[in-house]
Undergrad: 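Take a look at the following structure, please.
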Amino acid sequence: MTGLQPLRLFVAVGTLLASLGGAHAAGDAEEGHRLALLWCANCHVVDDAQATASADVPPFTAIANSEALTTESLSVFLADPHPVMPDMDLSRSEIADIVAYIESLKSDGAD
Ligand code: HEC
């Protein structure tokens, strides 16, 4: 099946580019974790190592497991954040990273 060759080449090139660390298209969860600790941890519990944050602010695990929140709604929300949140002027790649991190906290349907 020679028809599959272009696709395989495309995948190979994509993997190569991803491994070069250039593009952030899909979001980098590790970078998102770092950004969350820096910018979100004042108010949100952003990982298991963190004991407490503000009361009445949903921890990131709760956000990750909320059915109402999708990759898209999270991205839209972070581009135009909640009123109580300081204007952080997140770039699109920062948003993608943070969303990737939050989604990595999703429990695999076990709960
Ligand atoms: C100054 C405190 C504060 C900071 C800093 C903050 N948040 Fe929030 N966040 C809140 C509060 C309070 C709520 C719940 C009330 C609301 O939705 O407005 C919330 C809710 C959310 C929600 C849930 C929205 C929903 O529809 O359920 C998300 C997602 C979120 N924050 C992401 C973030 C991210 C990502 C950061 C870091 C870039 C961040 N927040 C930084 C206070 C903060």
Side-chain angles (χ1 to χ4, degrees):
M1 275 288 161
T2 50
L4 288 176
Q5 292 308 318
L7 178 61
R8 299 193 68 175
L9 179 65
F10 181 75
V11 170
V13 169
T15 307
L16 179 67
L17 287 177
S19 68
L20 291 175
H24 273 283
D28 176 344
E30 250 175 67
E31 178 66 7
H33 188 185
R34 195 183 68 78
L35 295 176
L37 285 170
L38 211 59
W39 293 333
C40 320
N42 277 350
C43 301
H44 293 271
V45 171
V46 305
D47 66 21
D48 286 343
Q50 190 184 343
T52 53
S54 298
D56 299 329
V57 181
F60 275 15
T61 46
I63 292 170
N65 288 299
S66 157
E67 277 173 22
L69 290 169
T70 62
T71 305
E72 225 177 4
S73 71
L74 272 177
S75 305
V76 168
F77 174 82
L78 289 178
D80 186 14
H82 36 74
V84 287
M85 188 163 143
D87 186 357
M88 299 187 186
D89 240 341
L90 299 172
S91 73
R92 289 179 67 190
S93 74
E94 286 164 346
I95 288 173
D97 292 345
I98 292 173
V99 170
Y101 171 63
I102 291 176
E103 295 197 317
S104 78
L105 300 175
K106 218 175 252 187
S107 48
D108 298 324
D111 288 340

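Index from 1, following the sequence.
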Undergrad: Can you tell me if Ser66 uses its side chain to pair, donor with acceptor, with the backbone of Ala62 under 3.5 Å?
TA: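 Checking the backbone N and O of Ala62 against the side chain of Ser66, no donor-acceptor pair under 3.5 Å is found.
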
Undergrad: Salt bridge (charged side-chain N to carboxylate O under 4.0 Å, His left out): which pairs involve residues 45-71, sequence neighbours left out?
TA: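 Qualifying pairs: none.
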
Undergrad: Verify the neighbour count for atom CD of Gln50: are there more than 12 heavy atoms of other residues, nucleotides or ligands below 6.0 Å?
TA: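 Yes, CD of Gln50 has more than 12 neighbouring heavy atoms, counting only those of other groups under 6.0 Å.
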
Undergrad: Return the minimal non-hydrogen interatomic distance between Asp97 and Asp28, and the atom names on each side.
TA: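 Of all heavy-atom pairs spanning Asp97 and Asp28, the closest is OD1-N, 2.7 Å.
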
Undergrad: Would you please name every residue forming a side chain to side chain contact (heavy atoms under 4.5 Å, CB included) with Ala36, sequence neighbours left out?
TA: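 Only Cys40, Val46, Phe60, Tyr101 meet the side chain to side chain contact (heavy atoms under 4.5 Å, CB included) criterion with Ala36.
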
Undergrad: Working to the nearest 0.5 angstrom, can you tell me the gap between Leu78 CG and Arg92 CZ?
TA: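 CZ of Arg92 is found 13.5 Å from CG of Leu78.
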
Undergrad: Arg34: which residues meet the side chain to side chain donor-acceptor pair (under 3.5 Å) condition with it, sequence neighbours left out?
TA: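 Testing Arg34 for side chain to side chain donor-acceptor pair (under 3.5 Å), a comparison that skips the adjacent residues, returns Glu31.
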
Undergrad: Is the closest side-chain heavy-atom distance between His44 and Pro58 below 4.5 Å?
TA: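 They are in contact (side-chain heavy atoms under 4.5 Å apart), so the answer is yes.
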
Undergrad: If you compare all heavy atoms of Asn65 against all heavy atoms of Thr61, which two are closest, and at what distance to 0.1 Å?
TA: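 Looking at all heavy atoms of both residues, the shortest contact is ND2-O, 2.9 Å.
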
Undergrad: Enter the distance from Leu90:CG to Ile95:CD1 here, rounded to the nearest 0.5 Å.
TA: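 Going from the CG atom of Leu90 to the CD1 atom of Ile95 covers 5.0 Å.
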
Undergrad: Check Ala26 against Ala100 and note the closest heavy-atom contact, atom names and distance.
TA: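 For Ala26 versus Ala100, the nearest heavy atoms are O-CB, 4.2 Å.
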
Undergrad: Are Ile63 and Leu74 close enough that some pair of their side-chain heavy atoms sits under 4.5 Å apart?
TA: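 Ile63 vs Leu74: side chains touch.
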
Undergrad: Between Ala68 and Ser73, what is the shortest heavy-atom contact and its length?
TA: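 Smallest heavy-atom distance, with atoms named: O-OG, 3.7 Å.
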
Undergrad: Should Leu105 and Val57 be counted in the same cluster of Ile, Leu, Val, Met, Phe, Trp and Tyr side chains packed under 4.5 Å apart?
TA: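 Different clusters: Leu105 never reaches Val57 through Ile, Leu, Val, Met, Phe, Trp or Tyr contacts under 4.5 Å.
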
